[in-house]
Structure formats: C-alpha cells, structure tokens
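A quick write-up on the structure given underneath.
Each ligand, and each atom within it, is numbered from 1 in the order the structure gives.
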Amino acid sequence: MAIVLIRQDGKLDLWKKTFLDQYPDLPVYSFNEPHPRESISMAIVWKHPKGSLEGYPNLKCITSFGAGVDFILKDESRPAGIPITRVIDDALADDMAEYVLTAVFGHLKNMDQYAQDQFAAQWKPRPYGRIADHTVGIMGFGTLGSHVGRALSQLGFRVIGWSRHPKSQPGIVVYHGKSGEKEFLNRTSILICLLPLTAETKGILNTSTLIQLRPGAYLINVARGGHLAEDELIPLLDTGQLSGACLDVFNQEPLPSDHPFWAHPRIKITPHVASVSDPQSVVPQLVENYRRLEKGQALLNQIDPELGY
Ligand code: NAP
Ligand code: GLV
C-alpha cells in the first residue's frame with residue numbers, strides 16, 4: 001500500500017517533505033515522479049488534473065487536502081464507489097474565524113473606503129458601525145460555520161445560523177432547511193457563506209435570496225465561487241441592497257484580469273486564502289486515515305457523495 005499526492009499549485013514538494021519529516025518510512029509519492037501505480041491505495045488531491053485518478057487499480061480512498069470535496073465529485077473520470085474523505089482541522093477552523101473577523105470589522109469600520117480615500121488623498125470621516133448594530137447570519141453551520149459563529153458570538157455579535165438539519169448551539173439560533181431560510185435571511189445584516197458546494201447550494205447567493213437580507217447587508221463568501229450568481233452581485237451593490245461584499249472564492253480561479261469585480265469599489269477580493277490547510281497540522285490526520293485503510297478500519301471524515309459533502 002502507498003500514497004500518491006496530486007496537486008499542481010507549487011506546494012507538492014512541501015507536502016511530500018512534511019509527510020516524510022513526520023513519517024520517514026511512509027511510502028508517499030508525488031504524482032509527477034515515477035511511482036508504483038499498483039501499490040497506490042490512497043490518493044490525496046487538491047484540484048487534481050482531470051483523469052489523474054485513473055490507472056490506480058488498487059485505489060481504496062480519495063482524500064481532499066482541504067475541507068471541500070466539490071472538485072473531487074465533479075471529476076467524472078474518478079473511479080466510482082471509492083470512499084472520499086476530507087480535512088477537519090482546528091488550525092483551519094481558527095484561520096477561517098480570523099479571516100471572517102477581519103472582514104467583519106473591516107466592514108464595520110469602513111476600512112475599504114479609507115484605503116481608497118488614502119490613494120485619493122481624501123480626509124473623509126464616515127459614520128461607523130458597532131457590534132450591537134448587526135446580526136451575523138452564517139449559511140452553512142457545520143465545522144467551520146459553527147466555529148466562526150462561536151468566535152463572533154463571544155465578541156458580542158448576535159449570531160444566527162442555517163443548516164440542513166436542526167442544531168442547538170448556546171446563544172445562537174440555528175435555522176434549518178427551506179422552512180427556516182426566509183427568517184434566517186430576513187434577520188441577517190452580515191451574511192457569511194460557509195456552505196459546501198453541492199447540487200442544492202450551487203448559485204444560492206442570488207438576487208432572490210440576497211434581496212431578503214436586511215437592506216444594506218454585507219456579504220462575505222468564503223465557501224466556493226459557485227455559490228454566488230456572479231452576474232447578479234453588481235446590480236445589488238449598485239442599488240444599495242447590499243452595501244458591499246468580501247469575496248475569497250470565485251467561479252474561475254485565478255479571477256480573470258478583465259472580471260468586473262476587480263474594479264468595483266465595494267467588492268473586496270482575496271485570492272482564496274481565507275483558510276489554507278497547513279501541512280504540519282494536517283499530515284497526522286491524513287496518515288491516520290492511511291493507517292486505518294491498512295487495517296481495514298472505518299475512515300475519519302468521510303463524506304456522503306450523494307449529498308456532496
Ligand atoms: P461541513 O462541516 O460539511 O459543513 C457544511 C454545513 O453546510 C453543514 O452545517 C450543513 O448542514 C450545511 N449544508 C449543506 N447543504 C446544505 C443545504 N442544502 N442547506 C442548508 N445547509 C446546508 O463543511 P465545513 O468544513 O464547515 O466547510 C464548508 C466549506 O467551506 C467547504 O466545503 C469549502 O468549500 C469551504 N472552505 C473554504 C475555504 C477558503 O479558504 N475559502 C477554506 C476551507 C473551507 P448539516 O450540518 O445540517 O449537514
Ligand atoms: C479550501 O478551500 C478548502 O476547501 O479547504
């Protein structure tokens with residue numbers, strides 16, 4: 001049995017080195033070096049090239065390097081019926097909370113507008129928001145959403161959540177399903193999307209949902225670009241229905257240089273960096289699953305391919 005690592009973002013060598021630093025005898029290979037294909041039982045992937053999961057006759061598990069698995073499920077050339085697992089990691093959750101807090105406070109205190117004013121040498125005081133003014137709605141109240149919700153709630157924000165199933169969380173009302181969606185949206189003045197990208201959630205951030213938010217609401221999308229109907233965002237900003245948006249993820253990444261989002265004064269863009277799997281922190285759980293695979297034990301963090309998360 002052996003592991004193959006498949007990713008093309010320049011981090012392959014770092015990941016392989018971290019595996020071998022922590023587990024010197026581990027049979028781990030990069031996909032772009034000669035490797036014994038028959039021995040590979042686990043493929044760990046991030047935005048892998050289409051077709052790269054073919055030709056491993058003994059593959060028993062496909063693992064995402066990150067929390068999301070949408071890019072695995074959309075690869076129709078992957079071998080069918082093989083369990084898929086993902087990352088659940090405290091550091092990833094902390095990083096996400098830090099990013100979201102940064103975005104929320106930047107919005108409250110007009111930091112984007114002041115950055116633009118500075119370049120225009122304009123001294124222009126503006127009214128600022130306070131924690132007490134806002135209800136933060138977290139769409140997708142799972143591992144990351146609930147962690148972010150707790151961090152905001154501890155700072156005094158009113159936090160509400162939305163998930164598929166009912167949940168209880170001290171101090172946070174969690175709505176669920178279609179029946180809970182309207183009230184969730186109507187109460188929300190800062191919307192944070194932390195849903196997985198699935199057939200049900202694709203395009204969920206669209207005009208008909210976003211107009212149900214409090215007038216002048218702020219949108220933070222840290223989930224996947226496919227959640228946002230990108231063509232519908234700018235009209236909502238230009239009419240003031242939304243006061244701004246902080247976007248970390250896009251339909252096409254890197255965001256094309258001629259995309260209208262780049263130039264919009266009320267859109268803040270970051271390059272899919274809200275929370276990034278840290279090899280030091282994540283490698284042990286990936287190896288734990290490899291060991292479980294060797295022993296025929298149940299895998300950690302397995303997703304349901306029918307649900308898509
Ligand atoms: P998770 O633990 O699986 O949580 C997903 C949440 O979404 C759950 O609460 C689930 O409800 C809810 N949900 C799923 N489908 C729904 C639907 N149709 N209607 C209502 N709620 C629905 O996932 P996670 O670990 O928190 O990660 C969430 C996503 O964040 C990932 O899939 C990934 O795309 C994204 N992400 C982005 C970055 C970044 O840097 N930008 C980093 C990490 C992750 P139930 O709890 O009821 O099942
Ligand atoms: C990042 O986007 C992840 O899914 O971990």
Between [X] and ligand 1, is there a nitrogen or oxygen pair with a distance under 3.5 Å?
| X | value |
| --- | --- |
| L144 | yes |
| R164 | yes |
| V222 | yes |
| E200 | yes |
| R224 | yes |
| G68 | no |
| L197 | no |

### Task
For the pair E183 and R187, find out whether any cationic side-chain nitrogen is under 4.0 Å from an anionic carboxylate oxygen.
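No salt bridge links E183 with R187.
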### Query
Any ion pair linking E294 and R291 (charged N to carboxylate O, less than 4.0 Å)?
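Judged by the 4.0 Å cut-off on N to carboxylate O distance, R291 and E294 do form a salt bridge.
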Any side-chain heavy atom of [X] within less than 4.5 Å of one from [Y]?
| X | Y | answer |
| --- | --- | --- |
| T85 | R292 | no |
| V174 | I138 | no |
| Y290 | S41 | yes |
| S277 | L92 | yes |
| K109 | Y114 | no |
| P27 | M1 | no |
| T207 | Q241 | no |

Part of [X] within contact of ligand 1 (heavy atoms, under 4.0 Å):
| X | answer |
| --- | --- |
| H176 | neither |
| V249 | side chain |
| H165 | both |
| M139 | neither |
| T201 | side chain |

### Task
Would you indicate which of G180, A223, A93 comes nearest to atom 35 (C) of ligand 1 when only heavy atoms are counted?
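Shortest heavy-atom distance from atom 35 (C) of ligand 1: A223.
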### Nearest neighbour of atom 23 (O) of ligand 1 from the list R86, H227, M96, on a heavy-atom basis
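Heavy atom nearest to atom 23 (O) of ligand 1 belongs to R86.
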### Message
Please determine whether residues L299 and V282 belong to a single hydrophobic cluster, defined as Ile, Leu, Val, Met, Phe, Trp and Tyr linked transitively by side-chain heavy-atom distances below 4.5 Å.
### Response
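Yes, one cluster joins them.
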Nearest protein heavy-atom contact for [atom]: which residue, which atom, what distance?
| atom | answer |
| --- | --- |
| atom 46 (O) of ligand 1 | K167 NZ, 2.6 Å |
| atom 32 (O) of ligand 1 | P196 CA, 3.4 Å |
| atom 48 (O) of ligand 1 | Y309 OH, 2.5 Å |
| atom 13 (N) of ligand 1 | L195 CD2, 3.6 Å |
| atom 28 (C) of ligand 1 | L194 O, 3.3 Å |
| atom 3 (C) of ligand 2 | A67 N, 3.4 Å |
| atom 4 (O) of ligand 1 | G142 CA, 3.2 Å |

#### Entry: Within residues 115-126 or reaching into it, pairs that qualify as salt bridge (charged side-chain N to carboxylate O under 4.0 Å, His left out) - sequence neighbours excluded
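Counting only pairs at least two positions apart or across chains, the salt bridge (charged side-chain N to carboxylate O under 4.0 Å, His left out) contacts touching residues 115-126 are D117-R126.
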Ligand-residue contact atoms, ligand 2 with [X], heavy atoms, under 4.0 Å:
| X | answer |
| --- | --- |
| H272 | 1 (C), 2 (O) |
| R224 | 1 (C), 2 (O), 3 (C), 4 (O) |
| G66 | 5 (O) |

### Task
Give a yes/no on ligand 1: does S275 have at least one heavy atom closer than 4.0 angstrom to it?
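Yes, S275 has heavy atoms under 4.0 Å from ligand 1.
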### Message
Looking at ligand 1, would T198 count as a contact under a 4.0 Å heavy-atom criterion?
### Response
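Outside the 4.0 Å threshold, so no.
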### Task
Fit a plane to each ring of Y218 and H107, take the angle between them on a 0 to 90° scale, and name the class: parallel (under 30°), tilted (30 to 60°) or perpendicular (over 60°).
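Geometry flag for H107 against Y218: parallel rings.
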### Query
Do the ring planes of F71 and W46 sit parallel (below 30°), tilted (30 to 60°) or perpendicular (above 60°)?
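If you compare the ring of F71 with that of W46, the planes turn out perpendicular.
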Which ligand 1 atoms, with their elements, are less than 4.0 angstrom from a heavy-atom of [X]?
| X | value |
| --- | --- |
| F141 | 6 (C), 9 (O) |
| H272 | 39 (C), 40 (O), 41 (N) |
| A274 | 39 (C), 40 (O), 41 (N) |
| D248 | 39 (C), 40 (O), 41 (N) |

### Query
Is the number of heavy atoms from other residues, nucleotides or ligands within 6.0 Å of CD (E33) greater than 12?
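Yes, CD of E33 has more than 12 neighbouring heavy atoms, counting only those of other groups under 6.0 Å.
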### Task
Could you tell me whether some N/O pair between G68 and ligand 2 is separated by less than 3.5 angstrom?
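G68 vs ligand 2: N/O contact under 3.5 Å present.
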### Message
Would the distance check show the side chain of Q116 and the main-chain N or O of P265 forming a donor-acceptor pair, the cut-off being under 3.5 Å?
### Response
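Indeed, once roles are kept as given, a pair shorter than 3.5 Å links the two residues.
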### Query
S163 side chain to F141 main-chain N or O, any donor-acceptor pair under 3.5 Å?
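Between the backbone of F141 and the side chain of S163 there is no qualifying donor-acceptor contact (under 3.5 Å).
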### Query
Do Y99 and T270 get their side chains close enough for a donor-acceptor pair, meaning under 3.5 Å?
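Yes, a side-chain donor-acceptor pair sits under 3.5 Å.
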### Task
Could you tell me whether ligand 2 has any atom less than 4.0 Å away from a heavy atom of F71?
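False for this residue.
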Under 3.5 Å, sequence neighbours excluded: what are the donor-acceptor pairs made by side chains of residues 129-137?
{"residue": "D133", "atom": "OD2", "partner": "R130", "partner atom": "N", "Å": "2.7"}
{"residue": "H134", "atom": "ND1", "partner": "S189", "partner atom": "OG", "Å": "2.9"}
{"residue": "T135", "atom": "OG1", "partner": "R158", "partner atom": "NE", "Å": "3.0"}

